[in-house]
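Structure record follows, encoded as structure tokens.
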Amino acid sequence: MADLFTPFGSNAEALSGTTGNMPLAGRMRPESLDEVAGQRHLLAEGKLLRRAIETDRFSSLIFYGPPGVGKTTLAYVIARQTSAYFVMLNGVESNVSEIREKIAEARTRLSLHGQKTILFVDELHRFNKAQQDVLLPHLERGTVRFIGATTENPYFAINSAMLSRSQIFPLEPVSEEELVELLRRAAADPRRGLGEMPLEIEEAALRHLALKADGDARKALTALEVAALSTPPGAEGRICISLAVAEESIQKKAIRYDRAGDGHYDTISAFIKSMRGSDPDAALYWLAFMLHAGEDIRFIARRLVICASEDVGLADSNALRVALAAAQAAEMVGMPEARIPLAHATVYLATAPKSNSAYAALDAAMQDVKEGRTLAVPDHLATPTRKKLARLRGASLEETTYKYAHDYGEEHFVPQAYLPEGRVYYTPTRNGLELRIAERMEYLRRLSEQKD
């Protein structure tokens, strides 16, 4: 029972970085709020989360953000700051019985020794409803202080009962400058970092590691450690980490992109809005981002087809043909060549004139139908059987006679009602080729007025 008085419990050694074989990223975990890299929007002086931690006034917290931004680290720092016993569970490995066991231990710890317990659940989105429900009454009673970490949007991945009992804080990728400063500290720290090694690190190498880590502190520190441990000393016994060494150590840039989560939806949203906004450069960047991250080319192609009708529409009807052809070509040739027709269609759609008039008109008509404004088919448009019934109830021959448009003049146009009440849904824009449609509709309207 001795370790009950240790602020961080039985896993304190692992979290505090005193284990000799622990990777650099683990050893460099911050020991105070001021050491946390990034997250100034939450941890700067006067911010809500910092005030709650420093005054020890919080109950349940959920940290949400991409990997490597410090969710677990921040939970550890909170436990250290508040002298709480730290218990860590994983959403993949834990089960209901283990959760109940840890809660029972926390209750005993609080009653016998007055020590609070922080129950940290990593990958909280992996907890099923039953596992989340087990926690709820104990969060209400204050048996444990709960901190959850998730890479998924909690408003989709966590049940509403737990959300209502928790404060949600989004963590952001660590900036390049803050990663550079973290790498410098790790290289100089003789206790937790690489300070005892005879290192010489080029500024360009530090910048490269920070850039390619893409906001992931763990990835940056891991790459620095690989570079330091794998580079042989020079003639003077110094280990020189050059830009070339840094490039080999981190290799490909880490892309924050989850095909089932926010990265997927945010990026495709940016892609579509860039095309809609007529910015081909932005659209090509987001296309490149998705292709680099391994997005399904069929998904991208479907969005191009939708954009061609939804956003370009009648301003350039050829856009739909281009998008369909690009989708077919991408499916036929596959990657990496599929990027060529996809880029072709992306630029075409982004630079085409825009109109959503047909789409908006249909939405308006569907809204009328949905709201129950059902209109009867005019008698002269009905089938012959229905016309006979109309005459039997008193409709005149003129009211039930359909005028075949092709029988009327060079324009093949004759005014007649096709919709009761004269409703108007479609209003053409003056953009692109839709200008010709607008001009023709105005011409036919004038013809109707003359014949009236």
Side-chain angles (χ1 to χ4, degrees), residues 252-253 255-367 369 405-406 412-413 425-444:
K252 185 178 178 181
K253 181 175 179 178
I255 294 290
R256 297 189 308 276
Y257 191 87
D258 178 2
R259 283 176 57 179
D262 286 349
H264 166 85
Y265 293 109
D266 286 347
T267 308
I268 197 65
S269 176
F271 176 60
I272 294 164
K273 288 169 182 172
S274 298
M275 290 188 292
R276 181 183 299 143
S278 300
D279 189 334
D281 301 307
L284 285 171
Y285 175 83
W286 296 121
L287 174 62
F289 191 97
M290 289 187 289
L291 293 174
H292 184 82
E295 181 58 83
D296 186 349
I297 59 173
R298 292 171 297 180
F299 172 74
I300 298 172
R302 287 195 297 270
R303 299 311 306 181
L304 287 169
V305 172
I306 293 168
C307 179
S309 273
E310 179 180 357
D311 295 310
V312 178
L314 291 169
D316 183 355
S317 293
N318 192 51
L320 183 56
R321 289 191 286 271
V322 171
L324 286 168
Q328 183 180 7
E331 180 81 19
M332 180 185 298
V333 302
M335 284 295 285
E337 289 82 1
R339 74 192 192 283
I340 301 169
L342 293 177
H344 176 168
T346 296
V347 172
Y348 191 100
L349 297 180
T351 56
K354 305 296 190 295
S355 172
N356 70 345
S357 57
Y359 165 54
L362 176 62
D363 274 359
M366 291 187 73
Q367 187 65 28
V369 173
H406 296 287
H412 293 191
F413 171 75
Y425 294 110
Y426 174 61
T427 302
T429 71
R430 298 272 171 175
N431 296 336
L433 298 177
E434 197 170 18
L435 174 60
R436 295 173 60 185
I437 299 175
E439 292 172 344
R440 174 160 177 78
M441 289 186 67
E442 290 171 1
Y443 171 69
L444 294 176

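What you see is a predicted model; the values in this text were computed from it and never measured.
When every heavy atom of A352 is checked against every heavy atom of S278, the shortest pair comes out as O-OG, 4.3 Å. Residues F271 and L287 share a closest heavy-atom pair of CE1-CB, 3.8 Å. Smallest separation of non-hydrogen atoms from S274 and A282: OG-CB, 3.5 Å. The shortest non-hydrogen separation linking A338 to I297 is CB-CD1, 3.8 Å. When all heavy atoms are compared, the tightest approach of P280 to A350 is CA-CB, 3.7 Å.
Around atom CE of M366, no more than 12 heavy atoms belonging to other residues, nucleotides or ligands sit under 6.0 Å away. More than 12 heavy atoms of other residues, nucleotides or ligands lie within 6.0 Å of CD in E439, so this atom counts as buried by the packing criterion. Annotation for Y359: atom OH does not count as buried by contact number, only 12 or fewer foreign heavy atoms lying within 6.0 Å.
In this structure, NE2 in H344 is found 11.0 Å from CG in L304, a value given to the nearest 0.5 Å. The distance from the CE atom of M290 to the OH atom of Y285 is 11.5 Å, given to the nearest 0.5 Å. S355 contributes atom OG, which lies 11.0 Å from atom CG of L433 (distance to the nearest 0.5 angstrom). Within the model, atoms CD1 of I340 and CE of M335 stand 9.5 Å from one another, a figure rounded to the nearest 0.5 Å. Rounding to the nearest 0.5 Å places CG of L435 at 14.0 Å from CZ of R440.
Between R430 and E442 a salt bridge is recorded (basic side-chain N to carboxylate O distance below 4.0 Å). Between R276 and D311, at least one side-chain N (NZ, or NE/NH1/NH2) sits under 4.0 Å from a carboxylate O, which counts as a salt bridge.
Here the side chain of R339 pairs a donor or acceptor atom with the backbone of P336 at under 3.5 angstrom. Side chain of K354 to main chain of L349: a donor-acceptor pair is present (N/O by atom type, distance under 3.5 Å, no hydrogens or angles).
Every residue two or more places apart in sequence or in another chain was checked for a salt bridge (charged side-chain N to carboxylate O under 4.0 Å, His left out) with D316, and none qualifies.
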Determine, step by step, whether F289 and E295 satisfy the side chain to side chain contact (heavy atoms under 4.5 Å, CB included) criterion, reporting the C-alpha distance in whole Å, the side-chain angles of both residues, the deciding distance to 0.1 Å, and the verdict. CA-CA 9 Å; F289 191 97; E295 181 58 83; over 6 Å; no

Can you check side chain to side chain contact (heavy atoms under 4.5 Å, CB included) on R303 and I268, steps first, answer last? CA-CA 8 Å; R303 299 311 306 181; I268 197 65; 3.7 Å; yes

Test side chain to side chain contact (heavy atoms under 4.5 Å, CB included) on L362 and Y425 and set out the steps. CA-CA 7 Å; L362 176 62; Y425 294 110; over 6 Å; no

I300 and W286: side chain to side chain contact (heavy atoms under 4.5 Å, CB included), yes or no, with the steps? CA-CA 11 Å; I300 298 172; W286 296 121; over 6 Å; no

Would you be so kind as to tabulate the donor-acceptor pairs closer than 3.5 Å made by side chains of residues 318-325, with sequence neighbours excluded?
| residue | atom | partner | partner atom | Å |
| --- | --- | --- | --- | --- |
| N318 | OD1 | R321 | NE | 3.0 |
| N318 | OD1 | R321 | NH2 | 3.3 |
| N318 | ND2 | Y348 | OH | 3.1 |

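Side-chain atoms of L342 and L291, non-hydrogen and from C-beta on, do get closer than 4.5 Å to each other. Side-chain contact between Y426 and L314 is present, with at least one heavy-atom pair separated by less than 4.5 Å.
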